[in-house]
Amino acid sequence: MINITLPDGTVRQVESGATSMDVAESISSGLARKVLAAEVNGEVRDLGRPIFEDADLKLLTWDDEGAKSTLWHSGAHLMAEALEALYPGIKFWVGPPVENGFYYDVDFGGAAFSEKDFDLVEKKMLELARQKNPYVRKDITKADAMAFYKEKGDEYKLDLLEGLEDGTITFYTQGNFTDLCRGPHIPDTGYIRAVKLMNVAGAYWKGDESNKQLTRIYGVAFPKQKMLDEYLVMLEEAKKRDHRKLGKELDLFTFSEKVGQGLPLWLPKGAQLRARLENFLKEAQRKAGYEPVITPHIGNKELYITSGHFAKYGADSFQPIETPAEGEVYLLKPMNCPHHCEIYKSRPRSYRDLPVRYAEFGTVYRYEQSGELHGLTRVRGFTQDDAHIFCTVDQVKEEVSKVIDLVLYIFQTLDFQDYQVQVSLRDPETPEKYIGSDENWENAETAIREVAEEKGLNTVIELGEAAFYGPKLDFMVRDAIGRKWQLGTVQIDYNLPERFELEYTGADNAPHRPVMIHRAPFGSMERFVAILVEHCAGKFPLWLTPEQVRILPLSDRFIEYCEGLEKVLDNYDIRALIDRRAEKVGKKIREAELDKVPYMLIIGEKEAESGELAVRKQGEGDLGTMSVEAFASFIDDEIGALLNKQE
RNA sequence: GCCGGUGUAGCUCAGUUGGCCAGAGCAGCUGAUUUGUAAUCAGCUGGUCGGGGGUUCGAAUCCCUCCACCGGCUCCA
């Protein structure tokens, strides 16, 4: 007998060789029906794997990540089985579970596969699922596995096998499909009751652009049809928050083929919103000791040769501009830092001056690959809320710390809670991708890691994600459809000061080299506004929203009174517009609601006589009547609460 | 950039297997209505069916090409 310890601490004695499923059945038949996988001593396994020693056991049901990914992994195998049955001779690369389902990379051997084929595959998957074929695990020698795939003529799986050690190799078979796989899997295909293929896309083999492109098919699988239905509804809801859709509906921004792809045009409401965000940050930066600077949109090519950007990105950038007479070569500014370096150099610096903090809402232009452009989150012309801090080595940690505080202040004010802090370091395997001395890199990486730790940030370390000149600390958030984007960023740079030969005179009266910190709390105004739109589903905080109040006269007899009211509100710094159309109030309300205007004032006979306001709140309805003064302080309180929440 | 998909009025969409002068709702304009908490009524305007080329007696519908957008991949100073 062996002792199985369950998460609640209870110990069950079972025969050696019993399976996790046996344990589940011994607890309750209800649990046995729901359980999908087992976590044995911290490792997720098949329910059918026998246990021979004392172990900690957690039975995993759908709500456990481990169970979900197990079922999705099995879904990938089920999809592969269906595909192989429908398209004989196709070859498979890998088919892992991912965050929202699974995918499988397939070589269709030149045959086209598109969304039109989804239906057929889904039907086949469900048909195979109903057969309740068990997922059978089998240990196999490397030689036998190689022989199996040689006979199949499958170069992809042979390639995978190359990297595996004999003795660790397992096959899983369900129905007629056998796959090289370490598992785990659900007991049988019958656990999958609902499937849907989500999309199909090209994916380079091994993620390398120079390799052949395989067909990647994404899908989801669920143990209940209802779960799939709910998932699809959720996706629909998320699409409604998409900033590209809301940006159009709320008249925030647009694009024009004629202007060029990836070059956003800010409409008046969007521009107002953005200006308010900028002013908010300008004020915070002023308090934090930043000084504004302004630099042009182009710069001499020499500037970027000095900075190293030309060597690194020159060929992949918008191409140089030449002056007609002198033949001088200029580049569209892809970065603000070289310009700021030259500002630093414009006069001698003393250690007493440091840190120097130059801030600029600097618009930069980058030739992003056409397939990468995406709404406002990835564009070719955008404005960074950039600043460069020039400081001594001793000041680096404190400055980084202050920048992080600034980002957190902004996130808190705008109620961004769901973010991840990514610490991007060098990839030790590819030193050729980076410039600068090892010693400087060491210093910078250590500083960033230490500050992140001291701040108690929830960080993930990413090797190989550093900028070519230094490590980064990025605040990552998700958009409505689950994609991750970088917003706030802090980057330490020992490199540019060297390239630009920046100096300051120390207390020892000798020249020293400053350290540079690049930082942008929003990241770019475009991306930040995009994420903000999605975050609040277009219902902006009252202090930011372009139109805070819409005045709705009941008939045109009251327009004049409303105009007076508008002026009064303006004196209170309340942004109000009048809907003057000869429409019924119901329609005006409906449209104000759809425009997500926070407050509506319905003005008719009663209001004109009494001077009171009939107030309606967007999304909530009638708030009753109040005086203008009461309304103004009501608005004021709401804004105050929003802006002071960090205190 | 690569793979796949999409592209019809300002917006959202219909347009059977190629076949009358290409349709609807909303928006816009004109007029009527003067309205009490999510759509008042009527009339009108508006599209070289993404651009170009081709097949055909005939193309929004089929083919080629370019452009843009969408979903991924790769990239992201």
Side-chain angles (χ1 to χ4, degrees), chain A residues 103 105 108 112-117 198-218 239 242 244-245 248-249 251 254-258 260-262 304 307-314 316-317 333-338 364 366-375 377-380 384 386 435 465-470 472 474 481 483 485-486 489 491 493 495-496 518 527 552-559 581-594 600-607 614-624:
Chain A
Y103 69 79
D105 281 348
F108 279 90
F113 182 86
S114 79
E115 287 170 26
K116 296 187 185 82
D117 306 306
M198 301 308 292
N199 50 54
V200 54
Y204 298 107
W205 184 43
K206 296 186 178 177
D208 186 336
E209 216 179 342
S210 59
N211 280 341
K212 176 172 181 173
Q213 217 168 42
L214 304 174
T215 303
R216 176 170 297 178
I217 307 171
Y218 284 88
K239 276 190 194 158
D242 193 312
R244 292 167 296 182
K245 181 178 161 69
K248 191 180 278 186
E249 287 173 5
D251 295 321
T254 188
F255 288 90
S256 149
E257 280 191 36
K258 215 162 206 167
Q261 67 176 152
Y304 304 104
S307 73
H309 289 104
F310 187 78
K312 185 84 182 167
Y313 296 102
D316 302 321
S317 295
K333 174 166 80 175
M335 288 288 285
N336 301 303
C337 30
V364 297
R366 298 179 183 175
Y367 178 77
E368 306 287 6
Q369 295 184 36
S370 61
E372 265 310 327
L373 301 172
H374 181 92
T377 50
R378 193 81 186 267
V379 287
R380 285 180 171 168
Q384 297 176 316
D386 214 354
I435 55 179
E465 292 294 312
F468 72 94
Y469 51 74
K472 305 193 285 183
D474 296 324
I481 49 183
R483 281 186 266 223
W485 298 97
Q486 174 212 100
T489 181
Q491 310 178 6
D493 186 353
N495 177 59
L496 276 187
H518 309 243
R527 182 176 291 174
L552 312 179
L554 267 176
S555 88
D556 50 18
R557 285 190 287 136
F558 308 111
I559 286 181
R581 297 172 306 167
E583 295 288 352
K584 298 178 83 162
V585 74
K587 176 156 186 167
K588 294 183 183 182
I589 286 169
R590 176 181 159 78
E591 295 191 2
E593 288 278 347
L594 292 174
M600 288 152 261
L601 301 177
I602 290 95
I603 304 299
E605 190 82 49
K606 282 181 274 178
E607 289 72 24
V615 183
R616 182 186 165 100
K617 189 172 166 77
Q618 200 273 348
E620 290 182 24
D622 196 351
L623 295 187

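Below, read A as the first sequence line, B as the second, and so on, with proteins coming before strands; counting in each chain starts at 1.
- Using a distance-only test at 3.5 Å, with no hydrogens or angles considered, no donor-acceptor pair links the side chain of A:Asp316 to the main chain of A:Tyr313.
- A:Tyr204 contributes a side-chain N or O that forms a donor-acceptor pair with the base of B:G1 under 3.5 Å.
- The side chain of A:Arg216 contributes no N or O atom lying less than 4.0 Å from OP1 or OP2 of B:G4.
- Using a 4.0 Å heavy-atom criterion, one finds that A:Lys587 contacts the sugar-phosphate atoms exclusively.
- RNA chain B is contacted by both A:Ile589 and A:Phe255; A:Ile589 maps to the nucleotide lying nearer its 5′ end (nearest heavy atom per residue).
- With respect to the salt-bridge test (charged N to carboxylate O, under 4.0 angstrom), the residues A:Asp242 and A:Arg244 qualify.
- For the P atoms, the distance linking B:U55 with B:C29 amounts to 46 Å, nearest Å.
- Within the 4.0 angstrom heavy-atom criterion, no nucleotide atom of any strand lies near A:Ala592.
- Between A:His309 and A:Lys116, the residue anchored closer to the 5' end of RNA chain B is A:Lys116, taking for each the nucleotide with the nearest heavy atom.
- Taking a pair to require two hydrogen-bonding distances under 3.5 Å in either a Watson-Crick or a G-U wobble arrangement, B:U37 remains unpaired.
- Dense packing is recorded around NZ of A:Lys617, with more than 12 heavy atoms of other residues, nucleotides or ligands lying under 6.0 Å away.
- Residue contacts for A:Ala582: at a heavy-atom cut-off of 4.0 Å it reaches a base atom on one of the strands shown.
- Scanning atom types as modelled, no donor and acceptor separated by under 3.5 angstrom connect the side chain of A:Gln213 and the base of B:G4.
- Centre separation under 5.5 Å together with a plane angle under 30° does not hold for the ring of A:Phe113 and the six-membered base ring of B:G4, so they are not marked as stacked.
- Among the protein residues, A:Lys606 comes within range of the nucleic acid bases, having at least one heavy atom under 4.0 Å from a base atom.
- Rounded to whole Å, the P atom of B:G10 lies 8 Å from the corresponding atom of B:G47.
- Backbone-only contact: A:Lys472 has heavy atoms under 4.0 Å from sugar-phosphate atoms and none from a base.
- Residue A:Gly308 is out of contact with every strand shown, counting any heavy-atom pair closer than 4.0 Å.
- With a cut-off of 3.5 Å on both pairing distances, the Watson-Crick or G-U wobble partner of B:C29 is B:G43.
- Annotation: B:G36 and B:G31 have their C1' atoms spaced 25 Å apart (nearest Å).
- Across all strands, A:Glu607 comes closer than 4.0 Å to base atoms (heavy-atom distances).
- A:His374 comes within contact range of the sugar-phosphate backbone alone, with a heavy-atom separation under 4.0 Å but no base atom that close.
- Ring planes of A:His518 and A:Tyr469: parallel class, angle under 30° (limits at 30 and 60°).
- B:U6 and B:A14 have their P atoms separated by 13 Å, given to the nearest Å.
- The backbone N or O of A:Tyr103 lies less than 3.5 Å from no partner atom in the side chain of A:Arg216, so there is not a single donor-acceptor pair.
- Residue-to-nucleotide contacts include a donor-acceptor pair under 3.5 Å from the side chain of A:Glu593 to the base of B:A38.
- Here the side chain of A:Lys588 pairs no donor or acceptor atom with the backbone of A:Ile602 at under 3.5 angstrom.
- Shown here, B:U6 forms a base pair with B:A68; the pair counts as Watson-Crick or G-U wobble because both key distances fall under 3.5 Å.
- The shortest distance between the side-chain N/O atoms of A:Arg581 and the OP1/OP2 oxygens of B:U35 is not below 4.0 Å.
- Within 4.0 Å of A:Val200, counting heavy atoms only, lies at least one base atom of the nucleic acid.
- For B:C70, one of the phosphate oxygens OP1 or OP2 lies less than 4.0 angstrom from a side-chain nitrogen or oxygen of A:Arg244.
- OP1 or OP2 of B:U12 has at least one side-chain nitrogen or oxygen of A:Lys248 nearer than 4.0 Å.
- Rounded to the nearest Å, the gap between the C1' atom of B:A68 and that of B:U8 is 16 Å.
- Between the side chain of A:Arg527 and the backbone N or O of A:Thr377, at least one donor-acceptor pair lies under 3.5 Å.
- Nucleotide B:U48 is matched to nothing when pairs are restricted to Watson-Crick or G-U wobble geometry with both distances under 3.5 angstrom.
- Taking 4.0 angstrom as the limit, A:Gln261 places a side-chain polar atom (N or O) nearer than this to OP1 or OP2 of B:C69.
- With salt bridges taken as basic N to acidic carboxylate O contacts below 4.0 Å, none links A:Arg590 and A:Glu583.
- Counting non-hydrogen atoms under 4.0 angstrom, A:Gly586 reaches the backbone sugars and phosphates but no base.
- In this structure, A:Asn199 reaches the sugar-phosphate backbone alone: every heavy-atom distance under 4.0 Å involves primed, P, OP1 or OP2 atoms, never a base.
- Base-pair partner of B:G19: B:C57 (Watson-Crick or G-U wobble, both distances under 3.5 Å).
- Pairing partner, B:A24: B:U12, with both Watson-Crick or wobble hydrogen-bond distances short of 3.5 Å.
- Across all strands, A:Tyr218 comes closer than 4.0 Å only to sugar-phosphate atoms, never to a base (heavy-atom distances).
- Contacts of A:Tyr103 with the nucleic acid, taken as non-hydrogen atoms under 4.0 Å apart, are absent.
- One C1' atom belongs to B:U61, the other to B:C49, and the distance between them is 10 Å to the nearest Å.
- For a distance-only test at 3.5 Å, the side chain of A:Arg616 qualifies as a donor-acceptor partner of the base of B:U37.
- As judged by a 4.0 angstrom heavy-atom cut-off over every strand, A:Arg378 is placed among the base-contacting residues.
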